[in-house]
Amino acid sequence: MKRQLCLLSAASLAVLSTGAHAQGLLSLGQRDEFEKKLPFSLTVGAGAGWDSNVNLSPNNEQDSAFVKMTAIAEYSTGDRRTSYTFALTYNPFYYIDAPENVDEFQQSASVNFAVRHRVNPRLTISDNLYFAYEYEPNYQIGTSVARRTEPYIYGYNNLNVAYAWTKRFSTVTGYTLSGIEYDSDADGGENYISNLFSQDFRYAFTKLTTGVLTYRYGITEYDNGFGDYTSQFFLAGADHSFSRRTVGSFRAGAEVRDRDNGGSDTNPYAEASFSHSVAKQTYVRWYGRYGFEDSDIGTFQERTSFRTGVSVQQRFTNRLAGNLGANYVFDSFQGGTPETDDNVIEVSLGLDYNVYKNLVLNTGYSFTTTTSDVAAREYDRHILSLGMTAKF
């Protein structure tokens, strides 16, 4: 499967690959744009901090100080007809006093690549690529196991073709290839690759509101073959612009999942998002999703999840900016022993202070708590950090 995920990355670059905003849960929100005046930028940084529960234990917490570094390269260019965005990140991380069951050195990296091409006034082709190597769960993407595991590779590529048949009626045809691969043999049962085909029928009732009917067909295959299934989504919803800078979207309906080992089930499915921005001063994004999920299945037949989260960025002065993020995940695992419900709450906040034009002091705090019907899955975790970044 690693070869398939590598091919996913190569194929994305060869076809037409539009930004990383459309990976997993992030497809529900608004894409981040690089600064127009800085088509290319390089950010480097270093920091240190403290982790209260490195081993994620419910009753034998072991803490450790850590040091970390970051490097980010961003590029954006294009015109009204064709636009490109690209971002490459690398984050090495070192625990000074790691427990025996946790590697001292960790690292993560990601590649985002996007292109949007307007062939003519009616036809637009876009593609979104996200490819990452990570060791912590990414709640903003919502695809990995909910706890930190051995490192994993996640790949996602979404190709869309939009065509306006009339001033009001348009269609969007899409294909998404995604997959995840864990380094650990213990998590090998979670490895899967998915092909998803989608068709949207859109009708603009007004300049601000567009109704949408959506059909999706997916094929998912696991390395162990146990979780293989096909699925069909039947959804209806709308996209609405409350103002030039405030937009919302929702879809609701049902997913019919036919498992190779376990029969067929029909489950409600819903997804929604809301975003608001005011120049470069304020940005707010909310998302929500309910339905079947693929990762963290293990020996269970199915996992039903509800996810919701909000992120806020606010610039208080020319020098001082703050950010706040909160995520909640409810998981219900069924068809295994013992059946269990998990709740995950993650909250993070930070402050950035411009010491000089391109030199920023960063402070951050995050808290994660997990409650479960299985006591061994529960834990609390606090992380404090302080660092400095420079942007060129």
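None of the values given here were measured: they were computed from a predicted structure. Any value given below was found using the heavy atoms of this structure, including those in side chains, with hydrogens, waters and symmetry copies removed.
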- Query: Can you check side chain to side chain contact (heavy atoms under 4.5 Å, CB included) on Glu134 and Tyr154, steps first, answer last?
  - Reply: CA-CA 8 Å; Glu134 297 187 285; Tyr154 175 69; 5.6 Å; no

- Item | Approximate separation, where rounding is to 0.5 Å, of Phe66 CZ and Trp50 CH2 |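 Spacing of CZ (Phe66) from CH2 (Trp50) equals 10.5 Å.
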
Test item: side-chain donor near acceptor, [X] and [Y], under 3.5 Å:
X: Gln313; Y: Asn323; answer: no
X: Tyr90; Y: Gln107; answer: yes
X: Tyr222; Y: Asp260; answer: no
X: Glu378; Y: Thr370; answer: no
X: Asn53; Y: Asp51; answer: no
X: Tyr94; Y: Glu104; answer: yes

Does the distance from a Lys or Arg side-chain N to an Asp or Glu carboxylate O, for [X] and [Y], drop under 4.0 Å?
X: Asp352; Y: Arg315; value: no
X: Arg259; Y: Asp265; value: yes
X: Glu293; Y: Arg257; value: no
X: Asp331; Y: Arg303; value: yes

Expected list for residues 207-220: side-chain donor-acceptor pairs under 3.5 angstrom, two or more places apart:
| residue | atom | partner | partner atom | Å |
| --- | --- | --- | --- | --- |
| Thr209 | OG1 | His240 | ND1 | 2.6 |
| Thr214 | OG1 | Asp200 | OD1 | 2.8 |
| Tyr215 | OH | Gln232 | OE1 | 2.7 |
| Arg216 | NH2 | Glu271 | OE2 | 3.2 |
| Thr220 | OG1 | Ser194 | OG | 3.2 |
| Thr220 | OG1 | Tyr229 | OH | 3.2 |

- Query: Cluster partners of Leu386, using ILVMFWY side-chain heavy atoms under 4.5 angstrom, listed by chain and number?
  - Reply: Phe316, Leu320, Leu351, Tyr353, Val355, Tyr356, Leu359, Leu361, Met388

